[in-house]
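Contents: one structure, followed by commentary.
In what follows, residues are counted from 1 in the order of the sequence shown. Counting starts at 1 for both ligands and their atoms, in listed order. Values below: every heavy atom of this structure, side chains too, minus hydrogens, waters and symmetry copies.
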Amino acid sequence: MRITSLQHYHEQYQFSIQQPEQFWSRVAEEFVWNKKWDKVLEWNFEQPDVKWFINGKLNITENCLDRHLDARGDQVAYYWEPNDNDDEPRSYTYRQLYHEVCKVANVMKRKGITKGDRVCLYMPMVPELAIAVLACARIGAVHSVVFAGFSASSLAGRIQDSDCKMVLTTDGAYRGAKEIPIKKVVDEALELCPSVEHVIVLNRTGEAVHMQQGRDTWWHDEIRDVADECPAEQMDSEDLLFILYTSGSTGKPKGVVHTCGGYMVYASYTFQNVFQYREGEVYWCTADIGWITGHSYIVYGPLLCGATSVLFEGVPTFPDAGRFWQVVDKYHVNVFYTAPTAIRALEAAGVDFVKPYKLSSLRVLGSVGEPINVEAWQWYSDNIGKGQCPIVDTWWQTETGGIMISPLADITPTKPGFATLPLPGIQPILVDDKGNEIEGNGVEGNLCIKFPWPGMIRTTYGDHERCRTNYFATYKNLYFTGDGCKRDEDGYYRITGRVDDVINVSGHRIGTAEVESAINMHPDIVESAVVGFPHDIKGQGIYAYVISTKQNDDQELLRKEIIAEVNKFIGPIAKPDKIQIVSGLPKTRSGKIMRRILRKVAEGELSNLGDTSTLLDPAVVDEIVKGRL
Ligand code: WTA
């Protein structure tokens, strides 16, 4: 159901909150269901227990692929642009993609994978990653994609948490000028993962890898003699589609669970309406499939809508900071979706990298993953959009499955820094710390959602209680996002950032607790506290305060070793930008670290540290301020 004007949006919005079941049932009717649902929605936010399109039967890949074969079998689904622009690009039509997906699905079946089994995908941005995702969905296996920048230890934790039976991976990866070992990381991880029976390895870089007999086989050998048709497994609306691990404010990353029916309806509806994608256009989302943005807006959303997408293996600055714009011109990209951190990095590189390119095909620009500052918004609009393209600043989360608050391209008037208005079906509310609703406009509070939507999280894998306490227990009968938010005089929403202990570094969510436990693995570290601080390019950087048993030793060496620990336990994305070695941390008399003070020091807001009188030892604050980096 496409929204066509601002008035139409308002009408649809009203309809969606007055009669949510009728609204979503109309949206869902546009898909192929093997059996229609008996009931649209059952829910409570207490347990929580949310079910959409109850007893409906479907397979999402029939909607992504089979359904399009007659009308657009020969249309390109993906143009693949390799890391190195001298390498051969590839493209897949919908028909080719369909057959490739069926082949990999048959390979997985032959290896004994059946409906409900978990399969881990640890791969760089090659077309085979999208194919593998869809192949899992084809046979009802639950995919768990792990971003190929995570360490062996992180990968092992994720594989163990969901007992994956199989891993699909590559020998190595190209990322900018670097060549990264991938299979080696898998080998190391699998020493700790007895559940994995099979590993299928795609040849990407040709580097020598160890192949464990009886466990590891080559992708090209496996698909050689396999049928290119594979019947789609019939799935219930509420059967698991995928698990995606994401960081929270406490403990280990949690496996966010999305299910087949509601996720399909929501990914497609939001893709179509936010970007106002038109038949025949070329769409490019620069995210990695290892994150939710890649799941919903590289794989599922665009394919459900029959779109043509660019899939990019590389990075924005290789071979130089003009790469994005070169690719936009090369494929005549109409809709371009990226993250503020990339925009800021390219802005810093200078407009000389933009000038050689026409960029005349662009119609819509998108932003996702973190708050976009007004300056970056303006630069994006002026230099990339040439003042002609609407910017859709899309706010959402791994847990929401799809975009929640965003302008609709060319329909909603935009305002720099604002995600603007909720999509139909989405009922945001702001609450104070006690959970009281803050009504009216020109206000600020904690962002919650008060009514279910089809794409929402159903559980955290293997630990439903964690889902309840994380999202549904802070405020009664509300889903709590963890974000702070302003609603201005026009009723427009502006997300101000996380209000919990999650840091958003270059659009990647990182839990401070995870970084602390990695740092604490260093034998000389007694205790650590990690906070975020404003960073010009990354949005937020990581500031670590550490207490070491060896205060006076070589501090630079200690810093290097700490970074190595973080690389080992999480990956380079969680590397602290600043490490301050301290003799104590500000603690209350009950032993709680006063993070508020540490945050202020890291941010450089030294004049207003607040009340320090309740601290066990107020003198540590002076020392921390003096030693500030
Ligand atoms: C932040 C990414 C401001 C927010 C899709 C959220 C944003 C977290 C925006 C989710 C935006 C995402 N403006 N902040 N447009 N989009 N965020 O799960 O803090 O990787 O809670 O999902 O990113 O990150 P996640």
Side-chain angles (χ1 to χ4, degrees), residues 145-147 149-150 242-249 253-258 263 266-267 270-271 274 285-298 300-301 337-344 365-374 376-377 380 391-407 412 414-423 426 428 446-449 455-457 460 470-471 474 479-487 492-512 532 534 538-540 573-574:
V145 184
V146 178
F147 173 63
F150 279 118
F242 66 84
I243 304 169
L244 185 58
Y245 287 86
T246 190
S247 296
S249 45
K254 43 194 185 285
V256 171
V257 169
H258 285 289
Y263 176 82
Y266 199 66
T270 51
F271 175 79
V274 169
C285 167
T286 68
D288 191 289
I289 293 176
W291 311 114
I292 191 68
T293 304
H295 282 60
S296 300
Y297 301 111
I298 295 179
Y300 290 114
Y337 191 27
T338 197
T341 188
I343 299 166
R344 288 189 297 261
L365 301 176
S367 171
V368 60
E370 45 174 325
I372 179 165
N373 47 310
V374 172
W377 194 102
Y380 196 27
I391 294 185
V392 291
D393 174 6
T394 63
W395 172 81
W396 59 296
Q397 310 179 294
T398 305
E399 295 85 347
T400 69
I403 298 167
M404 301 285 280
I405 304 183
S406 170
T412 316
T414 60
K415 208 186 272 188
F418 282 78
T420 74
L421 299 171
L423 297 201
I426 304 308
N446 299 316
L447 178 62
C448 296
I449 314 288
M456 73 183 290
I457 180 175
T460 43
N470 260 298
Y471 307 106
T474 316
Y479 166 81
F480 176 42
T481 64
D483 280 319
C485 181
K486 288 182 177 163
R487 187 168 51 220
Y492 269 29
Y493 290 84
R494 178 193 179 105
I495 313 302
T496 52
R498 303 287 305 196
V499 293
D500 55 6
D501 289 322
V502 172
I503 318 182
N504 194 325
V505 182
S506 301
H508 304 320
R509 266 166 78 165
I510 294 169
T512 53
K538 301 181 186 179
Q540 279 190 296
I573 57 171

Nearest-option assignment for atom 5 (C) of ligand 1, heavy atoms, candidates W396, Y297, F418: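 Of the listed residues, W396 has the closest heavy atom.
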
Could you work out, for atom 22 (O) of ligand 1, the closest of I403, L447, T398 by heavy-atom distance?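 Nearest heavy atom to atom 22 (O) of ligand 1 lies in T398.
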
Taking heavy atoms and a distance under 4.0 Å, where does [X] meet ligand 1: side chain, backbone, both or neither?
X	answer
R509	side chain
I292	side chain
V502	neither
I372	neither

Check whether any N or O atom of R498, backbone or side chain, sits under 3.5 Å from an N or O atom of ligand 1, and answer yes or no.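 Yes: some nitrogen or oxygen of R498 is under 3.5 Å from one in ligand 1.
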
Using a 4.0 Å cut-off to any heavy atom of [X], which atoms of ligand 1 qualify?
X	value
T394	9 (C), 11 (C), 15 (N), 16 (N)
V368	5 (C)
D483	4 (C), 6 (C), 19 (O), 21 (O)
G369	1 (C), 7 (C), 9 (C), 12 (C), 16 (N), 17 (N), 23 (O)
I495	3 (C), 14 (N)
D393	11 (C), 13 (N), 15 (N)
N504	1 (C), 23 (O)
T293	5 (C)

Donor-acceptor check, side chain of R494 to backbone of K486, threshold 3.5 angstrom: yes or no?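 Judged by distance alone, no pair lies under 3.5 Å.
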
Among T338, V392, I391, which one satisfies side-chain contact (heavy atoms from CB on, under 4.5 Å) with L365?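 Option passing the side-chain contact (heavy atoms from CB on, under 4.5 Å) with L365: I391.
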
For the side-chain contact (heavy atoms from CB on, under 4.5 Å) test, which of T420, D483, V368 pairs with W395?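 That would be D483.
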
I want to know whether Y245 and F150 have ring centres closer than 6.0 Å.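 No, too far apart.
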
Establish, yes or no, whether a centroid distance under 6.0 Å links the rings of Y297 and W396.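 Centroid separation for Y297 and W396: below 6.0 Å.
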
How many angstroms lie between atom [atom1] of [X] and atom [atom2] of [Y], to the nearest 0.5 angstrom?
X	Y	atom1	atom2	result
I289	F147	CD1	CZ	12.0 Å
H295	D288	NE2	CG	10.0 Å
F242	I292	CZ	CD1	4.0 Å

Hey, is NZ on K415 packed in by over 12 heavy atoms from elsewhere, all under 6.0 Å?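 Count over threshold, so yes.
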
Looking at every non-hydrogen atom in both residues, tell me the closest pair between A267 and S296 and how far apart they are.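 Smallest heavy-atom distance, with atoms named: CB-O, 4.4 Å.
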
What protein heavy atom sits nearest atom 11 (C) of ligand 1, and how far off is it?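 Of every protein heavy atom, E370 O, 3.5 Å lies nearest to atom 11 (C) of ligand 1.
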
